[in-house]
Peer 1: 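Would you mind keeping the following structure in view while I ask a few things?
We name chains A, B, ... by the order of the sequence lines, and we start the count at 1 in each one.
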Amino acid sequence: MKKYFYITTTLPYVNDKPHIGFASEIVLADARARFEGSLGKEVVFNTGTDEHGAKIWQKAREEARDVQEYVDEYAAKFDELKKMLNLSYTNFIRTTDEKHLRAVREMWKRVDQNGYIYKKKYKIKYCIGCELEKTDSELIDGCCPLHPGKELEIIEEENYFFKFSAFQEKLLELYKDNPDFVIPQKRLNEISSFVERGLEDFSVSRLKEKMPWGVPVPGDDSQVMYVWFDALTNYISTLGWPDDKENFEKFWGTEENPNAVQIAGKDNLRQQSAMWQAMLIAADLPTSKQVFINGFIGVDGQKMSKSLGNVISPKEMVAKFGVDGTRYLLLTKGTFGEDSDISWEKLTGKYNSDLANGLGNLVSRVIVLSGDLDFKTSGSDSVFSEEDVKMMNKMNMDKILDNIWNIVREDNKYIEDRKPWELKKENQEEFEKVMKKLVSDLYHISQLLTPFMPETSEKIKKALETKERVILFEKIR
RNA sequence: CGCGGGGUAGAGCAGUCUGGCAGCUCGUCUGGCUCAUAACCAGGAGGUCGCGGGUUCAAAUCCCGCCCCCGCAACCA
């Protein structure tokens, strides 16, 4: 029976250039998608862009540009990542796509019909200095940190709310019945105790006159949907829901067999593993199967931020380390789910020792040594072990890669022990035996690398065929 | 306050569930090798496993107490 695999990243908000954290998220998703594909599954790998909201609208206005044109430009920038990082995503959904808008309206209607949407007046704190709404968490001593002297204005507004509070029990049940629902475990604990403490309904619309750049609320022209209803629904609108039921069930799954795997940064824990799941339940749809929560990337022990000037962008990384170098570094930056700390120095060190001196040098010496010997290399179908599959199911790709590098180390040692350059002169038969093992190891490595470093994998295979010397990774000085 | 996660060599981490020589990668020092990208291999130095107590023939691991760091209501990858 054909198996189907679905994975989706979060949708980045298009008000800035692609961020290294998102690059990490999408490369992990890509490796996972390619891995599952190699197991013979049909894969939908979804990503895209979140394009509605006040910030974008304001920015476009400031630059006196048409909003759609403005978001088109940014969406293209994110789509460029595909080439830049050699991504294999099958779907790129934009929240301004017609099929998405249709799905969002349907989602709203269903949740509304089930009685989980209601209208409520509430008070917003508004800072006159910033001309922006402020949430309590943004305030210091009850004041806007940027305008500490000014009183906040309290504005009353009527908006639609989602009855999040009605889903406490069901969410807790979901977490309890599926101990792997959120990976890593500690994030499941965190979200569980968050839900246990009680949930507050959240607002899902804004007044259109204040924020026109969004999806109109069905049946109420004065209101526009707020980010959650709109953006989160992309995970299913991308599959053609609600029109294409077959495709939806194949990939998103059913209530008995949920099939959707999501990956997100830790800042998105609540949105993905609680709010979105509650929305799905509210619309009588199956929940996700699993949500992977990635840690943050810091630079030299500090938060990456523009004001500190320590931002490392995916583009810069690719310029320095190449596509596969960047993929490797992002995939091995640390244990999945933990925060990690990078710096140009550390990245360069790892690149040089693992890629240039490690794998690259090994390929180079084996190719040269094997000279005109001709071995047939052929691969078995299942290159990955049970253990690998287990680790992949927890997104512990750094461990799988570490195991591959153990082969690299062993082979370097093996060459040292057997001294094939001497055998070549003294014992042709033994020489061929030694080289055969090395060549077949390299071929095996190239197969193992396919999901993680597709280009390198190909280059190794080609070098084994043509016997042409390759510098896979130029050493960086 | 409380809940959750963490503290192991200069750096980054594994090991803790199930007690049994404290391990891996990077860096560093010494030696070897010359096929290779000044790459590779071997050996060494470097640890009161956060602190204090307890159980045990034996504790990084189990028990008790304490200290420190991180996260915990919504733009956030």
Peer 1: Below 4.0 angstrom, N of the basic side chain to O of the carboxylate: do E157(A) and K210(A) qualify?
Peer 2: yes
Peer 1: Check the distance between C35(B)'s C1' and D411(A)'s CG and give it to me in whole angstrom.
Peer 2: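 It works out to 14 Å between those atoms.
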Peer 1: If you check the S353(A) side chain, which of A77(B), C26(B), C41(B) turns out closest?
Peer 2: C26(B)
Peer 1: Looking at the base of G5(B), is there any donor atom on it, or on the side chain of E190(A), that sits under 3.5 Å from an acceptor on the other one?
Peer 2: no
Peer 1: Mind checking W405(A) for me? I need base, sugar-phosphate or nothing, with any heavy atom below 4.0 Å counting as a touch.
Peer 2: nothing
Peer 1: Compare the minimum distances between each of C35(B), A39(B), C72(B) and the side chain of R270(A), then state the nucleotide with the smallest one.
Peer 2: C72(B)
Peer 1: Using the C1' atom as the point on both nucleotides, what is the distance between C49(B) and U16(B), in whole Å?
Peer 2: 11 Å
Peer 1: Taking any heavy-atom pair under 4.0 Å as a contact, classify D417(A): base, sugar-phosphate, or nothing.
Peer 2: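 No contact.
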Peer 1: Atom CD of E422(A) and atom P of C35(B): how far apart are they, to the nearest Å?
Peer 2: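 So the two atoms are 9 Å apart, to the nearest Å.
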Peer 1: Where does the angle between the aromatic ring planes of F167(A) and Y116(A) fall among parallel (under 30°), tilted (30 to 60°) and perpendicular (over 60°)?
Peer 2: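 If you compare the ring of F167(A) with that of Y116(A), the planes turn out tilted.
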Peer 1: Compare all side-chain heavy atoms of V217(A) with those of V204(A) and state whether any distance is below 4.5 angstrom.
Peer 2: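 No; the side chains remain at least 4.5 Å from each other.
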Peer 1: Do side-chain atoms of S24(A) reach the backbone of I20(A) as a donor and acceptor pair under 3.5 angstrom?
Peer 2: no
Peer 1: In whole Å, what is the span from the CD atom of E410(A) to the P atom of C24(B)?
Peer 2: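 Rounding to the nearest Å, CD of E410(A) and P of C24(B) are 14 Å apart.
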Peer 1: Need the pair for G65(B). Rule: Watson-Crick or G-U wobble, both distances under 3.5 Å, any strand; none if unpaired.
Peer 2: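 G65(B) is paired with C51(B).
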Peer 1: P atom, C29(B) versus A36(B): distance in rounded Å?
Peer 2: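 Per the computed distance, 26 Å lies between those P atoms.
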Peer 1: Distance between the C1' atoms of G2(B) and G44(B), in whole angstroms?
Peer 2: 50 Å
Peer 1: With a cut-off of less than 4.0 Å, is there a side-chain N or O of Q271(A) near OP1 or OP2 of C75(B)?
Peer 2: no
Peer 1: Would you say E51(A)'s side chain and V14(A)'s backbone share a donor-acceptor pair under 3.5 angstrom?
Peer 2: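 Here the side-chain-to-backbone pair does not exist.
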Peer 1: Kindly point out which of A39(B), A77(B), C33(B) is positioned nearest to the side chain of F22(A)?
Peer 2: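 Nearest nucleotide to the side chain: A77(B).
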Peer 1: Check every atom of C76(B), C35(B), A38(B) against the side chain of V368(A) and return the nucleotide holding the closest atom.
Peer 2: C35(B)
Peer 1: So which nucleotide from C76(B), G5(B), A39(B) ends up closest to the side chain of D267(A)?
Peer 2: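 That would be C76(B).
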Peer 1: Taking atom C1' of G12(B) as reference, at what distance in whole Å does atom CG of D354(A) sit?
Peer 2: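 So the two atoms are 12 Å apart, to the nearest Å.
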Peer 1: Which nucleotide in the list G4(B), A36(B), C72(B) gets nearest to the side chain of N189(A)?
Peer 2: G4(B)
Peer 1: What integer number of Å spans the C1' atoms of G23(B) and C63(B)?
Peer 2: 26 Å
Peer 1: For G10(B) versus G50(B), give the span between their P atoms, rounded off to a whole number of Å.
Peer 2: 13 Å
Peer 1: Please report the distance, rounded to the nearest Å, between CZ in R365(A) and P in A36(B).
Peer 2: 9 Å
Peer 1: Classify the ring geometry of F321(A) against Y351(A): parallel below 30°, tilted from 30° to 60°, perpendicular beyond 60°.
Peer 2: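 Ring orientation of F321(A) relative to Y351(A): tilted.
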Peer 1: Expressed as a whole number of Å, how far does the C1' atom of C67(B) sit from that of C21(B)?
Peer 2: 31 Å
Peer 1: Centroid distance below 5.5 Å plus an interplanar angle below 30 degrees: do F194(A) and A73(B) meet both conditions?
Peer 2: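 So no, this residue does not stack on that base, at least one cut-off failing.
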Peer 1: Could you tell me how far G12(B) sits from A59(B) if I compare only their C1' atoms? Round to whole Å.
Peer 2: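 It comes out at 26 Å once rounded to the nearest Å.
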Peer 1: In terms of heavy-atom contacts, does NZ of K437(A) have more than 12 from other residues, nucleotides or ligands at under 6.0 Å?
Peer 2: yes
Peer 1: When the P atoms of G52(B) and C68(B) are considered, how many whole Å apart are they?
Peer 2: 16 Å
Peer 1: Round to a whole Å and report the spacing from CD1 of I293(A) to C1' of G71(B).
Peer 2: 13 Å
Peer 1: Tell me whether the side-chain N/O atoms of K475(A) come closer than 4.0 Å to OP1 or OP2 in A39(B).
Peer 2: yes
Peer 1: Looking at C41(B), does its base get a donor-acceptor pair with the side chain of K413(A) below 3.5 Å?
Peer 2: no
Peer 1: Between atom CG in N406(A) and atom C1' in G23(B), what is the gap in whole Å?
Peer 2: 13 Å
Peer 1: Just the rounded figure in Å: distance from P of A77(B) to CD of Q272(A).
Peer 2: 11 Å
